[in-house]
Every structure is written in structure tokens, then in C-alpha cells.
2 protein chains.
Amino acid sequence: MSCKRRCGAQWWHGKVKDCGYRITSGREAIIEALSVTQDHLSAEDVYTRIHDKYPNVGLTTIYRTLDMLVNAGLVFRFDFGDGKSRYELTEGPKGAHHHHHLVCTECKRVIDYTDFIDDELELLRSTEKGLSEKYGFRIDNHLIQFYGTCTDCLAK
Amino acid sequence: MSCKRRCGAQWWHGKVKDCGYRITSGREAIIEALSVTQDHLSAEDVYTRIHDKYPNVGLTTIYRTLDMLVNAGLVFRFDFGDGKSRYELTEGPKGAHHHHHLVCTECKRVIDYTDFIDDELELLRSTEKGLSEKYGFRIDNHLIQFYGTCTDCLAK
DNA sequence: TCCTTAATGGAAACAATTTCCAATAATAAG
DNA sequence: CTTATTATTGGAAATTGTTTCCATTAAGGA
Ligand SMILES: [Mn+2]
Ligand SMILES: [Mn+2]
Ligand SMILES: [Zn+2]
Ligand SMILES: [Zn+2]
């Protein structure tokens with residue numbers, strides 16, 4: 001039973017196919033898992049979340065698929081300092097929802113924030129422009145994280 | 001033979017002692033290695049670089065010491081996506097030299113940049129202020145990295 | 001100089017990720 | 001639809017960065 005048969009075309013199919021990759025049910029499941037949460041999932045988190053519905057998707061496939069999706073630009077890989085990579089969609093069915101992170105170094109909690117982005121955007125653009133010119137770099141992306149202590153941990 | 005006897009007091013001794021840590025020759029060696037390079041060293045890089053002069057400093061000690069120095073705020077830990085942590089002094093004998101990074105996703109080269117920081121600084125301050133107020137976070141630090149393709153890799 | 005206890009090295013344990021390979025399934029071709 | 005091609009797969013084993021353990025050493029205060 002082909003994947004096309006099982007499920008209608010999805011917003012991300014084009015991007016995956018354009019990169020020469022096939023659409024499979026494992027990939028379906030993994031993108032689904034990432035798109036229904038706000039959390040920053042590890043490979044194993046993804047495994048746990050899809051295992052009931054897709055018991056035949058192995059952890060190896062998840063690692064491979066996440067790498068593939070990072071390459072295809074559909075997923076970001078983050079490191080919040082807990083020893084495992086964490087993943088997040090770069091965009092959903094409704095388009096991009098770029099944001100930055102606030103990381104508590106005590107309890108490792110991570111807050112997404114999108115406010116202030118408008119102010120930052122202006123500076124980011126000019127910084128990126130300046131850097132590309134000076135270093136001949138083509139900049140496709142950026143990572144901005146603030147580290148500190150969250151309200152809860154401050155209370156202690 | 002005590003460490004004091006072997007070598008004069010260093011700029012970082014106070015900070016280490018203030019945190020309740022002892023001054024040892026291994027720590028001496030590790031900070032020395034970090035302070036004579038611009039590179040972003042992994043634990044093993046540090047090991048290799050000091051091993052001739054200090055053959056009796058083990059890799060375990062390097063991991064432990066780097067952790068300790070991160071805690072004491074003397075060292076930053078970075079993740080540039082190559083699977084190992086990389087370390088850099090937060091400041092040298094002459095004071096802080098905070099900078100941001102430009103990471104080539106092709107060849108993994110990392111460029112430090114300090115230009116444009118002045119422009120960024122203004123926005124960083126206001127963003128940090130806004131975020132602390134909104135989320136009750138105390139922000140101590142930030143990480144800013146731009147990802148893209150370097151001149152050399154673009155040429156190919 | 002002596003004493004307490006933090007720091008150490010090396011081996012072993014650990015955990016995240018990758019590699020290998022034979023089996024399977026997505027897609028192109030007919 | 002059927003078949004052929006070849007990317008994708010799951011699971012076991014290997015790999016690799018990092019941590020844990022523990023008996024030994026040495027830093028630094030008394
Ligand atoms: Mn996020
Ligand atoms: Mn740097
Ligand atoms: Zn916290
Ligand atoms: Zn490059």
C-alpha cells in the first residue's frame with residue numbers, strides 16, 4: 001500500500017521530493033510528531049511519541065530522517081546542553097514561525113519567544129549584510145539563545 | 001612541590017579560589033592551552049596540546065576541569081555541530097573579549113567576529129531587558145551564531 | 001610539617017549516535 | 001497493473017564523546 005494511497009499530499013511533500021527523497025510512512029510519522037508539539041524533541045522523544053501508532057519505525061530511521069530533514073531545511077537541530085540533539089520544525093503547514101530561545105541553566109527549561117523579534121530583525125538584517133560583505137560568507141540562518149535563570153529557579 | 005612554588009600567581013587564580021577550587025598544575029596547563037590559541041578546542045584537543053609538557057594530566061581531568069571552569073565562568077562551552085563540545089576562555093589576562101560566531105555548515109570552519117558588536121550590543125541590551133521583565137528570567141549570557149557557507153566553500 | 005579532603009588517572013561504564021547489511025517498499029518504467 | 005530499480009528500513013553491533021568509580025596523590029590550611 002503506497003503512502004499516497006494512505007494519506008493525502010502534505011505541505012512538506014514537495015520540499016522532500018525536490019531534494020530527491022521519497023515519501024515514506026516513517027517520515028510521515030516523524031513530521032507529524034514534530035508538528036503537533038511545541039516541545040523541543042530529542043530523537044528518542046520522537047520515537048516514544050510515534051511508537052504506539054507506528055511500532056515498526058525504528059530509532060535508527062528516526063536519526064536518519066531527522067538528519068535528512070535538517071539537510072532539506074525542514075527541521076532545525078538545537079543543542080541546549082543536555083547531551084542530546086533536539087529538533088524543531090522550521091515551519092508548519094501555515095508557514096514559518098521563527099523564534100529564539102531563553103534557556104534556564106538551572107532546570108534546563110527552554111522558553112520560545114517571538115516578541116522583540118521585530119526589533120531584532122532590523123539589526124539581524126544589517127548584521128548579516130555586514131558579515132556577508134566582510135567575510136564573503138553567505139548567511140542562511142542564525143541561532144540566538146539567552147542563558148540565565150528562570151522565575152521558578154530564582155525563587156529557590 | 002606546591003603549585004605556588006612552581007609558578008607565580010596568575011590572573012585567574014582568584015576566580016578559581018573564590019569558587020572554592022584549588023590551584024593545580026593540571027588546571028594551570030589547561031588554562032594555558034586555552035589562552036595561547038584562538039581555536040575552539042575540544043577536550044581531546046586540549047589533551048593533545050598539553051600532553052608533551054604535562055604527560056601526567058589525564059583526559060578525565062581535562063573533562064572535569066573544563067566543566068569546573070564553565071561553572072566558575074572562566075570558560076564558555078560551545079556546540080558547533082560536530083558532536084563534541086568545544087571550549088573557549090571567556091576572558092584572558094587582559095580582560096574579556098566577547099565575540100560571536102560565523103559557522104560554515106559545509107566545512108565546519110568557525111570565524112570569530114567582534115565587528116558589528118557595538119550595533120548589536122544596543123539591541124541585545126534592550127532585548128535582554130524586555131525578556132527579563134516579561135518572563136522573570138535573570139539573563140547572564142547569550143549565544144549568537146550565524147550559519148552559512150564560507151568563501152572557500154562558495155567557490156566550489 | 002601534618003592533616004584533611006579536594007583532585008587525580010586509568011579502567012570501566014555509559015549514552016547518544018552511526019555503521020552495517022540483508023530485507024523491504026517507494027517510485028519509475030513498461 | 002506488473003516488474004525492475006534502488007532508496008529506505010530495522011535491528012544488532014560498533015563507535016565515540018563523556019561520566020563514573022575507586023584507590024592514590026597532593027593542595028593548602030593549621
Ligand atoms: Mn523553540
Ligand atoms: Mn570563538
Ligand atoms: Zn529554571
Ligand atoms: Zn566552509
Side-chain angles (χ1 to χ4, degrees), chain A residues 1-7 9-10 13-14 16-31 40-48 50-51 54-72 75 77-87, chain B residues 1-7 9-10 12-14 16-31 40-48 50-51 54-72 75 77-87 108:
Chain A
M1 183 172 58
S2 84
C3 186
K4 275 267 185 51
R5 194 67 63 74
R6 248 178 305 94
C7 44
Q10 300 285 332
H13 285 189
V16 168
K17 283 183 182 163
D18 286 351
C19 296
Y21 299 117
R22 296 178 178 177
I23 308 296
T24 71
S25 58
R27 290 170 182 181
E28 210 68 71
I30 291 163
I31 293 209
H40 306 94
L41 303 182
S42 66
E44 193 148 23
D45 289 339
V46 173
Y47 179 81
T48 311
I50 69 180
H51 191 258
Y54 302 83
N56 44 354
V57 174
L59 187 53
T60 307
T61 292
I62 302 199
Y63 275 107
R64 268 186 303 231
T65 301
L66 288 170
D67 275 358
M68 182 276 267
L69 292 170
V70 168
N71 276 334
V75 163
R77 186 201 314 272
F78 289 103
D79 169 64
F80 295 128
D82 67 344
K84 43 194 120 184
S85 292
R86 302 202 158 261
Y87 302 85
Chain B
M1 183 172 59
S2 85
C3 187
K4 274 268 184 51
R5 194 69 63 75
R6 248 178 305 93
C7 44
Q10 301 284 331
W12 50 274
H13 286 188
V16 168
K17 284 183 183 161
D18 286 352
C19 296
Y21 300 117
R22 296 178 179 178
I23 308 295
T24 71
S25 58
R27 291 169 182 183
E28 210 68 72
I30 291 163
I31 294 210
H40 306 94
L41 303 182
S42 66
E44 193 149 23
D45 288 339
V46 173
Y47 179 81
T48 310
I50 69 180
H51 191 258
Y54 302 82
N56 45 354
V57 174
L59 187 54
T60 307
T61 292
I62 302 202
Y63 276 106
R64 268 187 302 232
T65 301
L66 288 169
D67 274 358
M68 182 275 268
L69 292 171
V70 168
N71 277 333
V75 163
R77 186 200 315 270
F78 290 103
D79 170 65
F80 295 128
D82 67 345
K84 42 194 120 183
S85 292
R86 301 199 160 262
Y87 301 86
K108 314 295 181 194

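The sequence lines fix the lettering, A, B, ..., with proteins before strands; numbering per chain opens at 1.
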- Message: On DNA chain C, compare the nucleotides closest to L59(B) and Y21(A); which residue's is nearer the 5' end?
- Response: L59(B)

- Item | Residue T24(B), side-chain heavy atoms: nucleotide from dT8(C), dC21(D), dA25(C) that is nearest | dT8(C)

- Message: For a quick check of understanding: with a heavy-atom distance under 4.0 Å over all strands, which category does R27(B) fall into, base, sugar-phosphate or nothing?
- Response: sugar-phosphate

- Picking from dT8(D), dT19(D), dG10(D), the nucleotide nearest the side-chain atoms of T60(B) would be dT19(D)

- Which residue, Y87(B) or V57(A), contacts DNA chain D at a nucleotide closer to its 5' end, judged by nearest heavy atom? V57(A)

- What's the spacing between L66(B) CG and I31(B) CD1 if we round to 0.5 Å? 9.5 Å

- Nearest listed nucleotide, side chain of S85(B), among dT20(D), dT18(D), dA7(C): dT18(D)

- Of G26(A) and A43(B), whose closest DNA chain D nucleotide lies nearer the 5' terminus? G26(A)

- Message: Please pick, from dG10(D), dT18(C), dT5(C), the nucleotide with the shortest atom-to-atom distance to any side-chain atom of T61(A).
- Response: dG10(D)

- Query: In whole Å, what is the span from the CG atom of D67(B) to the C1' atom of dT18(D)?
  - Reply: 9 Å

- Closest to side chain of T65(A), choosing from dC21(D), dG17(D), dT9(D): dT9(D)

- Query: Is T24(A) close to T61(A) at the side-chain level, that is, under 4.5 Å between some pair of heavy atoms?
  - Reply: no

- Message: Just N and O in the side chain of Y63(A): are any of them under 4.0 Å from OP1 or OP2 of dT18(C)?
- Response: no

- Query: Of the nucleotides dT8(C), dG11(D), dT4(C), which one has an atom closest to the side chain of R22(B)?
  - Reply: dT4(C)

- Just by modelled atom types, is the H13(A) backbone N or O under 3.5 Å from a matching donor or acceptor in the R27(A) side chain? no

- Task: For the residue pair F80(A) and F78(A), categorise the inter-ring angle as parallel (less than 30°), tilted (30 to 60°) or perpendicular (more than 60°).
- Result: parallel

- Taking the side chain of E44(B) as its heavy atoms from C-beta onward, which of dA7(C), dT17(C), dG17(D) lies nearest to it? dG17(D)

